[in-house]
Amino acid sequence: MSGATGTTWRNWGGNVVAHPALVTDVATVEGVIGAVTAAGERGLTLRVAGTGHSFTPLVATDGVLLRIDGLRGVLGVDRERMRVRVAAGTPLHQLNPALQALGLALPNLGDIDRQTISGAIATGTHGTGVRLQGIAAAVCGLTMVTADGSVLRCSAEESPEVFQAARVGLGALGVVVEVELQCVPSFRLHARESGESFSETLVGIHELADAHDHLDMHWFPHTDRALVKRNDRVGPGKGPGPLPAWRARLDDDLLANRLFEGVNRVLTRVPAATQRVNRVSANVLGAREFADDSWKVFCSSREVRFVESEYAVPRASVVPVLEELRAWFERSSEPVPFPVEVRFVGADDVWLSTAYERENAYVAVHQYHRMDPRRLFAVFEAIVAEHEGRPHWGKVHTLGAERLRGLYPRFDDYRAVRDRLDPTRLFTNAHVAHLLDD
């Protein structure tokens, strides 16, 4: 265990800055116990830093910032049940190929793989697919260090209420040190991507979501064009081959990252050009079709920095939400060069999951990190508020405990578990208090 003082911490998007009194790096469970115990003895709060891919100040602290980067790797495999035990600091971009080597995979993933596995589940990372669920639903066991320095193991059979609360735990119950995941046999996805009419896609969007294992749509504001991604499972040797290396470099490195970064820098200085640029961007979308290992299709490189707000709304509300958002773009001419993303996920039973007992559509709005997102986010939040929108825990929103209680039927059950595990509020900060305390 090592520590440093006087450090400034920033998240990936650059919209959250913190000045912790102490930054502590650990590589063992014993190190975590020592850091938690020391923080309690000094009267400091403690938050765990993953890779900083949340856009909310969940991690920000003026107490102890605990980094668990040293807790990495697959710790054990139950091949018969297809379960793996994983150290909590393992990033998804290392976990996915490790699972592939074992002939296994997670059933669903988001489109960014930089997060740690514990950070991804703590904030409810979800992916897409109406017959699938978010990553937290694949968690079948957790081990964490609680506020008194003890190690607690939980699952559906062992401390089941703690398990239900901790699968999407916001880092407010303890420090997760190990995650057990229910995997599936490794699989390939046949990806078909094309630029299409946004209006026509909206008309049949529910049929489209039902027809494919995974559906992801990116709509460019101020245009009627959307990039529609259809991903479906195929057997070994079925479907086309992977993208040629030159095409992957062209699309994902040059166009999606380097060129897009340059375009956004120009629009920061000339925001009035955004509508014209979006029309050009939407019209140059190239169709692609390929097949590859699931995680290689799910995850893409995101080098252009942005800030994001995302809400889950009942599936039936997705068209009204998008129509209201389109009408506002037309009225306001708000400069938004990033596309609006739309995905679908099935219901689960995780207490603080955005999909708790509800099939959802997920709508996400993004803004380049050098541009002001406040008006976009405020209007978006007002729109989804009329549709019982549940905010992604890691993305910008303003909701607090009073409103969240009405959106999550097991909200007070979660708080009761927190009261029991952390009565002195060791694992808190101003944002967590806003979310959870009356």
Quiz prompt | Test log, rule side chain to side chain contact (heavy atoms under 4.5 Å, CB included), inputs Y362 and V318 | solution = CA-CA 8 Å; Y362 289 81; V318 65; over 6 Å; no

Quiz item: What residues, two or more places apart in sequence or in another chain, satisfy side chain to side chain donor-acceptor pair (under 3.5 Å) together with S199?
Solution: D224, R326

Exercise. State, without any angle test, whether H190 and E289 hold a side-chain donor-acceptor pair at a distance under 3.5 Å.
Key: yes

Quiz item: Under the side chain to side chain donor-acceptor pair (under 3.5 Å) test, which residues partner R114, sequence neighbours left out?
Solution: none

Quiz item: Within the distance-only criterion (no hydrogens, no angle test), does the side chain of H434 pair as donor or acceptor with the backbone N or O of T398 below 3.5 angstrom?
Solution: yes

Return all side-chain donor-acceptor pairs below 3.5 angstrom for residues 164-180, not counting sequence neighbours, or 'none' if the list is empty.
| unit_1 | atom_1 | unit_2 | atom_2 | d |
| --- | --- | --- | --- | --- |
| Q164 | OE1 | R167 | NE | 3.4 |
| Q164 | OE1 | R167 | NH2 | 2.4 |
| Q164 | NE2 | D349 | O | 3.3 |
| R167 | NH2 | D349 | OD1 | 3.0 |
| E178 | OE2 | R85 | NE | 2.8 |
| E180 | OE1 | R153 | NH2 | 2.7 |

Quiz prompt | Sequence-distant partners of Y311, side chain to side chain donor-acceptor pair (under 3.5 Å), two or more places apart | solution = E381

Quiz item: Taking only residues two or more places apart in sequence or in another chain, which ones pass salt bridge (charged side-chain N to carboxylate O under 4.0 Å, His left out) with R265?
Solution: E261

Quiz item: Could you give all pairs that pass the salt bridge (Lys or Arg N to Asp or Glu O under 4.0 Å) test and reach residues 119-145, with sequence neighbours left out?
Solution: R131-D213

Quiz item: For the residue pair F306 and F55, is the inter-centroid distance of their aromatic rings smaller than 6.0 Å?
Solution: yes

Quiz item: Can you list the residues that meet the salt bridge (charged side-chain N to carboxylate O under 4.0 Å, His left out) rule with D216, with sequence neighbours excluded?
Solution: none

Quiz item: Would a line drawn from the ring center of Y414 to the ring center of W351 be shorter than 6.0 Å?
Solution: no

Self-check item: Under the side chain to side chain donor-acceptor pair (under 3.5 Å) test, residues paired with H93 that sit two or more places apart
Solution: none

Self-check item: Residue list, side-chain contact (heavy atoms from CB on, under 4.5 Å) with E324, at least two apart or on another chain
Solution: P320, I383, H387

Practice problem: Search all heavy atoms of I205 against all heavy atoms of L215 and return the closest pair with its distance. | Solution: O-CD2, 4.3 Å

Quiz prompt | Partner set under salt bridge (charged side-chain N to carboxylate O under 4.0 Å, His left out) for R415, not counting sequence neighbours | solution = D412, D438

Exercise. Return each pair, listed once, that meets salt bridge (Lys or Arg N to Asp or Glu O under 4.0 Å) where at least one residue sits in residues 64-73; pairs must be two or more places apart or across chains.
Key: D25-R67

Quiz item: Can you pull the salt bridge (Lys or Arg N to Asp or Glu O under 4.0 Å) pairs that have at least one residue in residues 119-129, sequence neighbours excluded?
Solution: none

